[in-house]
Amino acid sequence: MKHPHMQIAPEVRIALDLNAPIVALESTVVTHGLPRPQNLELAREMEKTVREAGATPATIALLDGQIRVGLSDEELARLAESESALKVSHRDFAAAIVKKANGGTTVAGTMYAANMAGIKVFATGGIGGVHKESAFDISTDLRSLAEIPTIVVCAGAKAILDLPATLEVLETLGVPVVGFQTDEFPAFYSRESGLGVSVRLDTPKEVADFAKAHWELGMKGGVLVANPIPAADAIPAAEMEPFIAQASAEALERGIHGQKLTPFLLERISELTKGKSLKANLALLLNNASLAAQIASELTGKKKGWAI
Ligand code: PSU
Ligand code: MN
């Protein structure tokens, strides 16, 4: 059945039909989160990492006003090089469609499209959350996690956010926060935050079984899996804190808010840390792609050799 606004790549279609493991990948990180040329390199590495771990990657984005689930290498390059790509969250799909635009999907946008396509597992870097600068800037990622039944693997919420407030909202919304091999909610660039998770699980199989139980109970929403950045690439929270504070103060001073705030902060922090935060960002993204593929394998019961 052909959807008027969504196109599923042939290999993703085959994987869906075989109930083979699939990992959805977001694309705001490609269009707005990372500088060129690291964005395209990262997008390719994410796909490769998923394949090597035995699953089929499905990068989700908009091209010429079509929601695309799975991109060819040439399409990935077109997206990464697109100057005018929109940042497409939950409410922006129809706008991108009527404008025939290219767009990178946020966590919320990617969850929505993945669920439309029937994909259950999704890897990102850090989810959006409650911003420090403005009481009402709460990412729609949080509401999407409450409403869309997808396993989202992240390295915590972005460190630029108000993490205690973000965790409170997730609790209110009934979203389980799984610490993968940790009791602490990781803080994106750092492994530690001093904040707890709702459950610690230690293997991909436990995570898959947890999600199955959650959904067998009739729960409608997602499961957030917080996977700490590899120790070798982590930056201690105390070291990051002054840079985050400085970037946040500059954003406030310059009146940067809404959709532009997150990209501004990430870029500024990368400058302030002389690229160290960028390197950490890339490392945690790949680490999450690998774990997501293992969880997808456990969820489908099909391991290794099932990448289409
Ligand atoms: N994590 C990153 N880089 C990013 C993002 C997350 O390492 O670019 C993106 C995600 O797509 C997330 C979005 O959904 O930022 C959140 O934006 P906002 O705070 O405007 O909701
Ligand atoms: Mn926001």
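One-based numbering, in listed order, for ligands and for the atoms of each.
Only the side chain of H131 comes within 4.0 Å of ligand 1, judged by heavy-atom distances. If you look at T262 next to ligand 1, the close heavy atoms, those under 4.0 Å, all belong to the side chain. Residue contacts with ligand 1, taken as heavy atom pairs separated by less than 4.0 Å, involve L266 solely via side-chain atoms from C-beta onward. At a heavy-atom distance under 4.0 Å, no atom of I127 approaches ligand 1. Under 4.0 angstrom from ligand 1, the non-hydrogen atoms of D141 all belong to its side chain.
Counting heavy-atom neighbours within 6.0 Å of E11 CD, excluding the residue itself, gives a total above 12. Surrounding CZ of R91 are at most 12 heavy atoms belonging to other residues, nucleotides or ligands under 6.0 Å away. With a 6.0 Å radius and a threshold of 12 heavy atoms from other residues, nucleotides or ligands, K212 has its NZ atom above the threshold.
In this structure, the side chain of N39 engages the main chain of A80 through a donor-acceptor pair within 3.5 Å. Put simply, the side chain of T59 never gets that close to the backbone of L71: no donor and acceptor are under 3.5 Å apart.
Using a 4.0 Å cut-off between a side-chain N of Lys or Arg and a carboxylate O of Asp or Glu, E41 and K48 do not qualify as a salt bridge. With salt bridges taken as basic N to acidic carboxylate O contacts below 4.0 Å, none links K87 and D92. In summary, R78 and D64 engage in a salt bridge, as defined by a charged side-chain N under 4.0 Å from a carboxylate O.
Here atom 6 (C) of ligand 1 lies nearest to G126 when heavy atoms of G126, A280, G125 are compared.
Residue-ligand proximity: E26 is placed with a non-hydrogen atom under 4.0 Å from ligand 1.
Using the six-membered ring where Trp is involved, F93 and Y112 have ring planes that are tilted, between 30° and 60° apart.
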Under 3.5 Å donor-acceptor pairs involving side-chain atoms of residues 116-129, not counting sequence neighbours:
| residue | atom | partner | partner atom | Å |
| --- | --- | --- | --- | --- |
| K120 | NZ | P149 | O | 3.2 |
| T124 | OG1 | E26 | OE2 | 2.4 |

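The Mn ion (ligand 2) has D137 OD1 as protein N, O or S atoms under 2.8 Å away.
Looking from atom 21 (O) of ligand 1 to the surrounding protein, the closest heavy atom is S139 OG, 2.8 Å. Scanning the protein heavy atoms around atom 15 (O) of ligand 1, the nearest turns out to be K158 NZ, 2.9 Å.
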